[in-house]
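Data block below; observations after.
Computed from a prediction, not measured in an experiment: that's the story for all the values here.
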Protein chains: 2
Amino acid sequence: MNTLPEMSSTEENYLKALFHLTVDQGETETGTNRLAAHLGVSPASANAMLKKLKEKNLVDYERYGKLQLSETGRGSALILLRKHRLWETFLYRHLGFGWDEIHEVAEQLEHIRSPKLIEQLDWFMGRPRTDPHGDAIPDAEGEYHPAPKRTLDDLDMGKKCRIASVRDSSVAFLQYLTELGLGLRSEIEVLERRSFDRSLVLGIDDRRVPVSERFAQNVFIVESGLD
Amino acid sequence: MNTLPEMSSTEENYLKALFHLTVDQGETETGTNRLAAHLGVSPASANAMLKKLKEKNLVDYERYGKLQLSETGRGSALILLRKHRLWETFLYRHLGFGWDEIHEVAEQLEHIRSPKLIEQLDWFMGRPRTDPHGDAIPDAEGEYHPAPKRTLDDLDMGKKCRIASVRDSSVAFLQYLTELGLGLRSEIEVLERRSFDRSLVLGIDDRRVPVSERFAQNVFIVESGLD
DNA sequence: TGCGTTTGTTAGATTAATCAAACATTTTAT
DNA sequence: ATAAAATGTTTGATTAATCTAACAAACGCA
């Protein structure tokens, strides 16, 4: 049993960023500048933090050389991901938050230090395997099997779903969704699919809404009736 | 509607400490040293922070002079108290924490910034009026009516209760409780009260446990069947 | 009334995290 | 192969929060 290192919230955010830029994207390493850009800090700040994380054996890193999470670092990042997604699930399922509101609050909650809290939260919700965006939740042992994300475009006809998130989360696109009457929690069904341009007709609350293939590929879904 | 000032967690902790040392104790003002001692920091640190809080109009304070929360500061402290006690209630009621475990975690959770989160948490739990220690929870408008705390000593005979907290929370006393078989969630009843020394005989799970008056005055309770 | 104790403040340093600007190395492309 | 571009690092400052040690004011009581 190796004890996890004490970490500040800031350090935790760097680990998360490194995880997203490597493991999550299928990349094997990344760079100082990309890391800095992803966190919205200067390369100088990222560089300083990397030295510290290297001291703590959380990253494999050398001057002008390769940069990636160490084994320990990856473990810590997975715990953070677990905490983030469990909180998102709690906010969505029990406190009536929409999927577009949960991320911001979970960013704060994920830094709360209490192993019992996370274990009990997991138990309280019946050990969910995916979060409201359809993303896998790592288990307590750090097992993590990311499932491919599903879009409206690959939903079978007749099946029902809800919107889980969007690829392009610009205000413009979210407004477009609202205009079409696509509520965050409304059930959506694929009624027709035209083969010539792969455009769809959706069914929402007894209304028929035509959308393009491009649109459908931009909308991530979770199928109704599954966890 | 006056917007609440942006505050760091550290600033929030100073406000809470000031609240406990004044409003909560029925005092009208306090001092730099007492504040510092309460927070476990040096008087110099407290002094520096007080200057900053004065700038933000959160405290009424002048050099070598009186020190108390301002109107705004009191409002912010009440919101923090509300958040703290709502989280304690959640941990106790829904996540199976004992009353001796909730404070530490709530100390972290109370700093989460999201008005919606608190409103929804309050709604989720049915707008509780007291926390697991029997202390009143300020409402969303900052109304706060602290109720006198009840001890085992003033429970009527035949009524049942649970332990809510203890006056002396030393390890020794908590161990003593355990030795007597007083579980954190077990129902306790007053079976007898001897008038000559006001000692009690408690009923716990069909066992009879005699305790002194001194002991009974040290144990805060919540009566069963009330919120 | 004055002197000693308590209480409060200032000065100067330290640590974590940040920045801009100057500098160094590596990569890319001609 | 080498110069320009991209990428990464160092230096020196800044801010928030903390400390110790030295100093100043207020209080208390003989």
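- One atom, CD of A:Glu29, and another, P of D:dT7, lie 14 Å apart when rounded to the nearest Å.
- The side chain of B:Tyr64 sits closest to C:dT9 out of C:dC19, C:dT9, D:dC19.
- Among the protein residues, B:Thr10 comes within range of the sugar-phosphate backbone only, with heavy atoms under 4.0 Å from sugar or phosphate atoms but none that close to a base.
- What separates CG of A:Asn47 from C1' of C:dC19 is a distance of 13 Å, to the nearest Å.
- Separating the OH atom of A:Tyr61 from the C1' atom of D:dT7 is a distance of 11 Å, rounded to the nearest angstrom.
- Residues B:Lys56 and B:Glu11 are paired through a salt bridge, judged by an N-O separation under 4.0 Å between the basic side chain and the carboxylate.
- Put simply, A:Asn33 has no side-chain N or O that comes within less than 4.0 Å of OP1 or OP2 on D:dT7.
- In A:Glu29, the CD atom is crowded: over 12 heavy atoms of neighbouring residues, nucleotides or ligands sit closer than 6.0 Å.
- Comparing C:dA21, C:dT9, C:dT18 against the side chain of A:Ala44 picks out C:dA21 as the nearest.
- Contact between the side-chain N/O atoms of B:Lys51 and the OP1/OP2 oxygens of C:dT9 is not found at any separation under 4.0 Å.
- The phosphate of D:dT10 has OP1 or OP2 within less than 4.0 Å of a side-chain N or O from A:Arg63.
- Within the 3.5 Å criterion, the main-chain N or O of A:Met125 finds a donor-acceptor partner in the side chain of A:Arg93.
- For D:dA16, neither phosphate oxygen OP1 nor OP2 lies less than 4.0 angstrom from any side-chain nitrogen or oxygen of B:Tyr14.
- A cation-pi arrangement is found for B:Lys116 relative to A:Phe97, the charged atom lying closer than 6.0 Å to the ring centre and inside a 45° cone about the ring normal.
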Could you please spell out the steps behind the salt bridge (charged side-chain N to carboxylate O under 4.0 Å, His left out) verdict for B:Lys66 and B:Asp60? CA-CA 8 Å; B:Lys66 67 176 159 31; B:Asp60 293 335; over 6 Å; no

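- Using a 4.0 Å heavy-atom cutoff across all strands shown, A:Ser42 reaches at least one base atom of the nucleic acid.
- Atom NZ of A:Lys66 is separated from atom C1' of C:dT25 by 17 Å (rounded to the nearest Å).
- In this structure, B:Arg34 places its CZ atom 9 Å from C1' of C:dT7, rounding to the nearest Å.
- For the OP1/OP2 pair of D:dT9 and a distance below 4.0 Å, the side-chain nitrogens and oxygens of A:Thr32 include at least one atom meeting the criterion.
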